[in-house]
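Just below is one structure, and these are the notes that go with it.
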Amino acid sequence: MALTYKNAGVDISEIKKSQRAIGRLIKSTHKLQKKAKIAHGFGHYAGIVEIPGGKMLATHTDGVGTKVVIANLLKKFDTIGIDCVAMNVNDIICIGATPISFVDYIAANRNDQKIFQKLVSGLVKGAKKSSVPIVGGETAIMPGVISGKDFAFDLAGMVVGLASKRELILGDKINVGDVIIGANSTGIHSNGYSLARKALFPKYDIHDNVNGVGMIGKALLKPTEIYVKPVLEMAKKCRIHGLAHITGGSFTKLLRLKNIGYSIDSLPKLPHIMGLIQEQGVRKEEMYKTFNMGVGFCVIAPRSQVDDICDIFKRHRIKCQEIGSITPSASVSINSTKIA
C-alpha cells in the first residue's frame, strides 16, 4: 500500500472540514470590537483589521509541528526556534505586511533551563534574520498533558504585522498569464514530518548516513528559510500580484490567493531528503500535496517583473526560478497532474 499523509495520521481533507466549521464560529466574533474593523478574516495567510489611523494590523500564529520530535531525538534544540519564527513571519508577509512583533509559547513536560535557553537562542536567530523583535512569551510546564520520561515539548508563536491599505497583497490582482516564481527551500522546512517519519524510520535510524542526504536527522532538522527581507523589498520595488508560503498542503496553498489556475511545470531539482522519502513508497501526487518539493515560497507577478524579482532574491542569496504560470481553470496542476 502506498504511503499517504492520511495513513500517517494527518487527513488534510478532514482538517479542511474542521477549519471551515471553525471559521463559521470565528466569524461570529468579527463585530465585537468597535475600534477595529475586520478587513480580511479567517482563511488567508493572516487576519487583518483596520485600526485607528488607517493602518492595517495583521496577526498570525503557527508552530513547528512534529519537527519537535526530530529535535528531541537528536537532542539538538538550538535551531527549531528559527523554524518557529519562519513559519510565522513567512506567512504574514504573504499579505504584504511587515512583521513588527513576535511572542512565543513553549509547552514542556518538565523544566529544563539549558534546553529552554537553546530553544530561545533559535528564536533569537530567526528574529534577527527577519528583523522582528520578540516582545514576550509563555513557558508552560504541563507534565499531565505532554508525556514522556525524557524531555518533550511543543513550540509555537504569534506575529503581528503592519501595512497600509496600498501595501496589501491579497491575490485579487492575479491574472491569466502571470508568472509563478519559486524561491528555493532549504529542505522539508516545517511540515509533512508525520509522513516523513512514517516513510523513513521503519528502514532507517535518525543517525544513519545516506549517500547524497548525509545524516538523516541533520537533513530533517535543517531550519526553514526566512524570506522576509527579499519579499518586502520586492513588494516595494516590483508589481506583485500574489505571495504564497508553501507549507502544509504544499502547492494547494496557492488556491488561498485566488480561485484560478496554477500550472507548475518547472520545479527545481528535488532535495535529496525528499527523494529518499519518495523512494519509500510515497506517490508523486502525494509528495506534491504534502512537501514543498524544493520551493519554499512563490511570487506571482506579470512577466515584465520576473528579472527584477529574481535579482532581489539573488542579492539575498536565495535561489529562484520561474516554475509556472496562471491559467483560466480553477485548479493546481504540476507537470499536468491535477492536485487540487
Side-chain angles (χ1 to χ4, degrees), residues 1-16 18-19 45 62-74 79-80 82-88 90-91 94 154-156 182-204 206 210 212-227 244-256 264 267-298 323 332 334 337 339-340:
M1 182 176 68
L3 289 171
T4 65
Y5 213 5
K6 182 177 179 178
N7 60 39
V10 183
D11 188 332
I12 294 294
S13 63
E14 289 300 315
I15 290 171
K16 287 181 178 179
S18 294
Q19 289 172 337
Y45 278 98
D62 208 343
V64 296
T66 59
K67 193 169 185 174
V68 297
V69 174
I70 309 301
N72 260 331
L73 289 171
L74 286 181
T79 62
I80 198 80
I82 299 172
D83 294 286
C84 186
V85 174
M87 293 299 286
N88 281 278
N90 285 346
D91 269 19
C94 288
D154 192 20
L155 178 62
N184 283 21
S185 68
T186 52
I188 294 182
H189 283 183
S190 297
N191 67 282
Y193 278 80
S194 294
L195 178 54
R197 289 184 294 112
K198 189 173 182 66
L200 294 172
F201 293 156
K203 181 176 179 179
Y204 298 100
I206 197 164
V210 177
V213 175
M215 191 176 82
I216 288 178
K218 186 176 180 181
L220 290 172
L221 202 58
K222 196 166 186 180
T224 304
E225 182 63 86
I226 291 175
Y227 302 97
H245 184 202
I246 306 303
T247 57
S250 190
F251 295 100
T252 65
K253 277 275 173 67
L254 292 167
L255 288 170
R256 281 186 173 190
I264 296 170
L267 288 172
K269 184 179 178 181
L270 187 66
H272 291 295
I273 185 65
M274 295 182 201
L276 187 64
I277 292 168
Q278 188 173 341
E279 288 171 10
Q280 310 314 306
V282 182
R283 291 193 180 117
K284 190 175 288 187
E285 294 82 1
E286 191 71 15
M287 294 290 294
Y288 290 146
K289 291 189 287 187
T290 306
F291 299 105
N292 64 56
M293 305 301 277
V295 173
F297 202 93
C298 288
I323 63 169
V332 179
I334 302 179
T337 299
I339 64 167

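Everything numeric here is computed off the predicted structure, so don't read it as measured data.
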Find the distance between CZ (Phe251) and CG (Leu267) and round it off to the nearest 0.5 Å.
5.0 Å
Separation between CE of Met287 and OG1 of Thr4, rounded to the nearest 0.5 Å
13.0 Å
Spatial distance of atom OH (Tyr288) from atom CD1 (Ile339) [nearest 0.5 Å]
8.5 Å
Minimum heavy-atom separation for His189 to Gly296, with atom names?
CE1-CA, 3.9 Å
Nearest-0.5 Å distance, CD1 of residue Ile277 to CG of residue Leu270:
9.0 Å
Compare all side-chain heavy atoms of Phe291 with those of Leu195 and state whether any distance is below 4.5 angstrom.
yes
With distance as the sole test, does Thr66 use its side chain to make a donor-acceptor pair with the main-chain N or O of Val69 at under 3.5 Å?
no
Out of curiosity, Asp83 CG to Ile188 CD1, how far, rounded to the nearest 0.5 Å?
11.5 Å
So which atom in Arg197 and which in Pro202 form the shortest heavy-atom distance, rounded to 0.1 Å?
O-CD, 3.8 Å
Derivation and outcome, side-chain contact (heavy atoms from CB on, under 4.5 Å), residues Lys198 and Asn7
CA-CA 9 Å; Lys198 189 173 182 66; Asn7 60 39; 3.7 Å; yes
Rounded to the nearest 0.5 Å, the NZ atom of Lys6 sits from the NZ atom of Lys289 at a distance of 10.5 Å
What are the two closest non-hydrogen atoms of Val332 and Thr252, and how far apart are they?
CG2-CA, 4.5 Å
Donor-acceptor under 3.5 Å (Tyr5 side chain, Glu286 main chain)
no
Criterion side-chain contact (heavy atoms from CB on, under 4.5 Å) on Lys284 and Thr337, from CA distance to verdict:
CA-CA 10 Å; Lys284 190 175 288 187; Thr337 299; over 6 Å; no
Going by heavy atoms in the side chains, are Val64 and Thr224 under 4.5 Å from each other?
no
Would you say Lys67 and Leu221 make side-chain contact, with heavy atoms under 4.5 Å?
yes
Shortest non-hydrogen contact from Thr79 toward Pro223:
CB-CG, 3.8 Å
Option among Asn88, Asp91, Asn292, Asp62 that satisfies the side chain to side chain donor-acceptor pair (under 3.5 Å) test with His245
Asp91
Looking at Glu225, is its backbone amide N or carbonyl O close enough to the side chain of Asn90 to form a donor-acceptor pair, meaning the two atoms are under 3.5 Å apart?
yes
Do Leu254 and Ile264 come within less than 4.5 Å of each other through their side chains, counting heavy atoms only?
yes
Quick one, Thr290 and Val282 - any side-chain contact, counting heavy atoms below 4.5 Å?
no
Lys218 side chain vs Leu74 backbone, donor-acceptor pair below 3.5 Å:
no
Work out which heavy atom in Asn184 is nearest to a heavy atom in Tyr227; give both atom names and the distance.
O-OH, 2.8 Å
Side-chain heavy atoms of Val295 within contact of Pro268, under 4.5 Å:
yes
